[in-house]
**Student:** 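I have a structure here, written as structure tokens, and I will follow up with some questions on it.
Each residue takes its place number in the sequence, starting with 1. This one's a predicted model, so the numbers in the text were calculated from it and none came from an experiment.
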Amino acid sequence: MNSSLILNHPQYGARRAGVCIPLWSLLSEKSFECGDIYSLRASIPWLKQSGLSILQILPLNDCGIGQSPYSSLSSFAIDPLYISLHLAGISVYSRKKRIATHKINKNKITKLKLDLLREKFLKEDESLYLTLDSFILTNTWLRPYLCFRILYNLNDAKHWNQWTEESKFNDKLYDSIKMNYKDEFYFLAWLQYLAFSQLKETKHLFEKEGILLKGDMPILTSSNSSDVWASPEFFRLDLQAGAPPDAFSDLGQNWGFPVLDWKALDKVDYKPWKERLQYQENFFHLYRIDHVIGMYRIWAIPLEAKNARYGYFYPQKSVHLKDFEAEELIPDEFLNKGFLHKMEEGRYYFHWDFHKEPGFYDYSQEIQEKLFKLSFQNLKEDESYWREAGDKVLSKFTTFTKMLPCAEDLGSVPGFVRESLQEKEMLGIDVIRWTRSLENGSYIPFDKYRTNAVATLSTHDTSLAMDWWTNELKNGEKAYAESFFLKEAEAETIEPKKEGSKLKNLNDPTEIHRKLLEFSFRTSSLYCIHLLQDLLFLGDIAIKEDFAAHKINTPGTDESKNWNYRFNFTIEELTYNQILSSELNKMISISKRLYK
């Protein structure tokens, strides 16, 4: 879709409110142990009565034995965890009536599900194989994925570079695997066919109700994936993606994902991305581009680097030998000191905070100044190149699909990225707690938010809104937040005050939570989408304490402790809670986000 047409689009251009969930977290009465594709359908009554017209979900990609939906075995395949047994005609539901804990055991649930699905598959007529052959023929990504998945299982989920079998994808390997592992081959294909069919039909059901489904597209893929295994030419396997040092991490972050080789992708007109986006379009109306800055440039860390501090922005012009010689400096001297890294013969980059390396201040002021000069000399040219590269990729994306893109432009995003997105009128994301004036750091009034954006109180990587308010805001910052978000409570509420009525107690956490929601809904952002946790402010299911227990992910911590949150109620129980849905509907209606 051409993003410049968003605001004039009859469907996408209307102000809307929505909710975001990890699909595994929300069960229905017909689910098996965790949320599934049927949960999406079961949520429609609650969405409609609450006035919510967007449902956003985290990535659904097959994660194998892993838990993070942003580290997958395939950029296409759907995790079997999400297949609805009910929709597949298997009348087996959760083993207990009551949801006892807020955590799921993904691998255990997946194994139980697969056993039930395999039992059904083995009873199917072999004519099903013809349907699956046609599905594979139409979706060519399945060829390497099915081979990879079988070898992955045979090798106990080890990385493909440790497999004992043939580890290079080609037609000969494909034919061999299909012949020698026929039942498993078609079973895995059937799982993807089931997931595809269930999710595609779900999109049509949402369309009938005027509700949009929003997916999530990570731009990075695990190195242990069918994508990298089958097409290594599109990746820099000598580099790992991450983030440079910032206020949250002195050493930066190393995510372990291989860096995309955009030059190689450009040579094939970004065909893998075209196929990926067109496949996603079967399921979603909107899609979130995770880490959009990676389309422009990414923090790349050499495999041998001690930590992310020793990475660099890729691509970059770098500093050449002749540049050092012009300053009468010998680069090898500073290479040995740990100030530089050699990219290739005659090309170098400076390490992040290289001036903090031991021995830097032993040099004269003149040499220090020369090193700083060299480290910055190509920045303007690099930024121009990065912007041009990102513009090219994102412009291609808009020709590949009719889905509406939403760019995740959070964190330390350079000004040129925001300018580029603004020129494209592409939706960005504004997290209320971080949306401040660049001039003085003050919070921005609700009517000053950028229109081409999604406003939200929290993300899957942050604390919940009330955890931020209660436990993270301190002293003067807390007083300022109270004065900003609550100061107009007496003079102006979303709902006009009746004469003689008394103000509600603004020290009451429920009322503070309400005010934060009201502020967010009032913003001039086109869409306002919240985590379901942040919408639960009323009734028996309200989250009023121990907020951290309801968090989805804490970046930089053990994956096994994240990505497993489960609500302790079903979507049907949420639908019965008329008090909450009525209040949400009222707020959404008054803020003119009720889509009809």
Side-chain angles (χ1 to χ4, degrees), residues 1-3 9 11-12 18 20-24 35-44 47 53-63 69-70 72-84 86-88 117 128 130-146 149 188-219 221 225-227 270-290 396-406:
M1 163 167 290
N2 186 335
S3 300
H9 193 280
Q11 186 180 26
Y12 297 142
C20 177
I21 60 167
L23 184 52
W24 71 77
D36 56 30
I37 295 172
Y38 182 80
S39 298
L40 297 174
R41 303 184 186 190
S43 71
I44 290 175
L47 293 169
S53 58
I54 299 176
L55 176 56
Q56 176 180 337
I57 53 181
L58 298 193
L60 301 180
N61 303 81
D62 183 2
C63 299
Y70 294 93
S72 62
L73 303 185
S74 167
S75 60
F76 289 83
I78 297 170
D79 201 305
L81 179 74
Y82 302 116
I83 293 173
S84 166
H86 172 71
L87 293 177
L117 287 163
L128 173 62
L130 295 176
T131 301
L132 297 177
D133 280 332
S134 177
F135 184 60
I136 295 169
L137 189 63
T138 306
N139 298 284
T140 55
W141 64 268
L142 273 161
R143 287 168 50 87
Y145 168 75
L146 294 172
R149 204 51 167 97
L188 292 171
W190 181 66
L191 292 178
Q192 292 305 312
Y193 177 73
L194 266 184
F196 173 89
S197 304
Q198 291 183 1
L199 199 52
K200 186 172 183 178
E201 177 60 26
T202 299
K203 178 187 176 184
H204 294 323
L205 293 174
F206 270 67
E207 284 176 352
K208 291 178 182 178
E209 301 295 340
I211 304 172
L212 303 177
L213 266 175
K214 181 180 178 184
D216 195 324
M217 188 185 70
I219 71 165
T221 308
S225 65
S226 62
D227 303 58
Y270 308 96
K271 183 182 176 184
W273 285 93
K274 181 178 182 178
E275 292 174 346
R276 183 179 177 187
L277 285 166
Q278 290 179 345
Y279 192 69
Q280 293 290 308
E281 193 174 322
N282 287 294
F283 317 130
F284 305 115
H285 305 93
L286 322 171
Y287 71 104
R288 172 184 176 273
I289 304 174
D290 182 53
K396 281 287 184 181
F397 278 21
T398 61
T399 68
F400 292 159
T401 176
K402 294 179 182 177
M403 289 189 296
L404 179 67
C406 173

**Student:** Considering only heavy atoms from C-beta outward, does the side chain of Ile44 approach that of Phe206 to under 4.5 Å?
**Tutor:**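 A side-chain contact under 4.5 Å exists here.
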
**Student:** Is the closest side-chain heavy-atom distance between Leu205 and Leu40 below 4.5 Å?
**Tutor:**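 No; the side chains remain at least 4.5 Å from each other.
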
**Student:** Any non-hydrogen side-chain atom of Leu146 less than 4.5 Å from a side-chain atom of Ile136?
**Tutor:**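 When only atoms from C-beta onward are counted, Ile136 and Leu146 do touch, with a gap below 4.5 Å.
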
**Student:** Measure the shortest side-chain to side-chain distance between Phe283 and Thr202 over non-hydrogen atoms and say whether it is less than 4.5 angstrom.
**Tutor:**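 Side-chain contact under 4.5 Å: no.
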
**Student:** CG of Leu404 to NZ of Lys214: how many Å apart, nearest 0.5 Å?
**Tutor:**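 NZ of Lys214 is found 8.5 Å from CG of Leu404.
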
**Student:** What is the minimum heavy-atom distance between Tyr82 and Pro59, and which atoms define it?
**Tutor:**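 Closest heavy-atom pair between Tyr82 and Pro59: OH-O, 4.0 Å.
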
**Student:** Please lay out, stage by stage, how Arg41 and Leu87 fare under the test side-chain contact (heavy atoms from CB on, under 4.5 Å).
**Tutor:** CA-CA 11 Å; Arg41 303 184 186 190; Leu87 293 177; 3.5 Å; yes

**Student:** Which value, rounded to the nearest 0.5 Å, describes the distance between His204 atom NE2 and Leu213 atom CG?
**Tutor:**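 Atom-to-atom, His204:NE2 and Leu213:CG are 11.5 Å apart.
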
**Student:** I need the single residue from Asp62, Thr140, Asn139 that forms a side-chain hydrogen bond (donor to acceptor under 3.5 Å, both in side chains) with Tyr145. Which is it?
**Tutor:**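 Option passing the side-chain hydrogen bond (donor to acceptor under 3.5 Å, both in side chains) with Tyr145: Asp62.
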
**Student:** Below 4.5 Å, heavy atoms only, C-beta onward: do Gln56 and Leu286 meet side chain to side chain?
**Tutor:**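 No - every pair of side-chain heavy atoms lies 4.5 Å or more apart.
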
**Student:** Would you confirm whether Ser72, through its side chain, and Thr221, through its main-chain N or O, come within 3.5 Å as a donor-acceptor pair?
**Tutor:**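 Answer holds: no.
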
**Student:** Between the side chain of Gln192 and the main-chain N/O of Ile78, is any donor-acceptor distance below 3.5 Å?
**Tutor:**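 Side chain of Gln192 to backbone of Ile78, a donor-acceptor pair under 3.5 Å: yes, one is there.
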
**Student:** Rounded to the nearest 0.5 Å, what separation is found between the CG atom of Asp133 and the CG atom of Leu142?
**Tutor:**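 Those atoms lie 11.0 Å apart.
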
**Student:** Under 4.5 Å between any side-chain heavy atoms of Pro405 and Tyr287, yes or no?
**Tutor:**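 Pro405 vs Tyr287: side chains touch.
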
**Student:** Ser75: what forms a side-chain hydrogen bond (donor to acceptor under 3.5 Å, both in side chains) with it, not counting sequence neighbours?
**Tutor:**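 Testing Ser75 for side-chain hydrogen bond (donor to acceptor under 3.5 Å, both in side chains), a comparison that skips the adjacent residues, returns Asp227.
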
**Student:** Please find the pair of heavy atoms, one from Ser74 and one from Ala77, that lie closest to each other, and give the distance.
**Tutor:**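 That closest heavy-atom pairing would be OG-N, 2.9 Å.
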
**Student:** Report, as yes or no, whether the 6.0 Å neighbourhood of atom NZ on Lys203 holds more than 12 heavy atoms from other residues, nucleotides or ligands.
**Tutor:**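 Atom NZ in Lys203 is packed in, count exceeds 12.
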
**Student:** With a 4.5 Å cut-off on side-chain heavy atoms, are Met217 and Phe284 touching?
**Tutor:**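 Sidechains of Met217 and Phe284: no contact.
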
**Student:** Donor-acceptor pair, distance only, cut-off 3.5 Å: does the side chain of Asp79 make one with the backbone of Cys63?
**Tutor:**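 At least one qualifying donor-acceptor pair exists.
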
**Student:** Taking atom OG1 of Thr401 and atom NZ of Lys396, what is their separation to the nearest 0.5 Å?
**Tutor:**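 One gets 15.0 Å once the value is rounded to the nearest 0.5 Å.
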
**Student:** Can you find a pair of side-chain heavy atoms, one from Asp290 and one from Asp216, that are under 4.5 Å apart?
**Tutor:**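 Asp290 vs Asp216: side chains touch.
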
**Student:** With sequence neighbours left out, write down each residue that passes side-chain contact (heavy atoms from CB on, under 4.5 Å) with Ser197, or none if nothing qualifies.
**Tutor:**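 With neighbours one apart ignored, the set is Tyr193.
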
**Student:** Centre-to-centre under 6.0 Å for Tyr279 and Trp141, is that the case here?
**Tutor:**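 Aromatic pair counts; centres sit under 6.0 Å.
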
**Student:** What is the minimum heavy-atom distance between Leu55 and Ser43, and which atoms define it?
**Tutor:**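 Taking Leu55 first and Ser43 second, the nearest heavy atoms are CD2-OG, 3.7 Å.
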
**Student:** Can any side-chain N or O of Gln198 pair as donor or acceptor with the backbone N or O of Ser84 at less than 3.5 Å?
**Tutor:**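 Indeed, once roles are kept as given, a pair shorter than 3.5 Å links the two residues.
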
**Student:** Restricting to non-hydrogen atoms, name the atom on Phe76 and the atom on Arg276 that form the minimum distance, rounded to 0.1 Å.
**Tutor:**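 Closest heavy-atom pair between Phe76 and Arg276: CE2-CA, 3.3 Å.
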
**Student:** Which distance, rounded to the nearest 0.5 Å, do you find between the NZ of Lys402 and the CD of Gln278?
**Tutor:**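 Separation between the atoms: 10.5 Å.
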
**Student:** For the pair Ile289 and Ile219, evaluate side-chain contact (heavy atoms from CB on, under 4.5 Å) and give the outcome as yes or no after the intermediate values.
**Tutor:** CA-CA 7 Å; Ile289 304 174; Ile219 71 165; 3.8 Å; yes

**Student:** Specify the closest pair of heavy atoms between Ile83 and Leu191, including all atoms of both residues, with the distance to one decimal.
**Tutor:**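 Smallest interatomic distance, heavy atoms only, reads CD1-O, 3.4 Å.
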
**Student:** Which heavy atom of Tyr12 sits nearest a heavy atom of His285, and at what distance?
**Tutor:**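 Minimum heavy-atom contact is OH-O, 3.4 Å.
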
**Student:** Between CG of Leu23 and CG of Leu81, what distance do you get to the nearest 0.5 Å?
**Tutor:**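 That separation rounds to 8.0 Å.
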
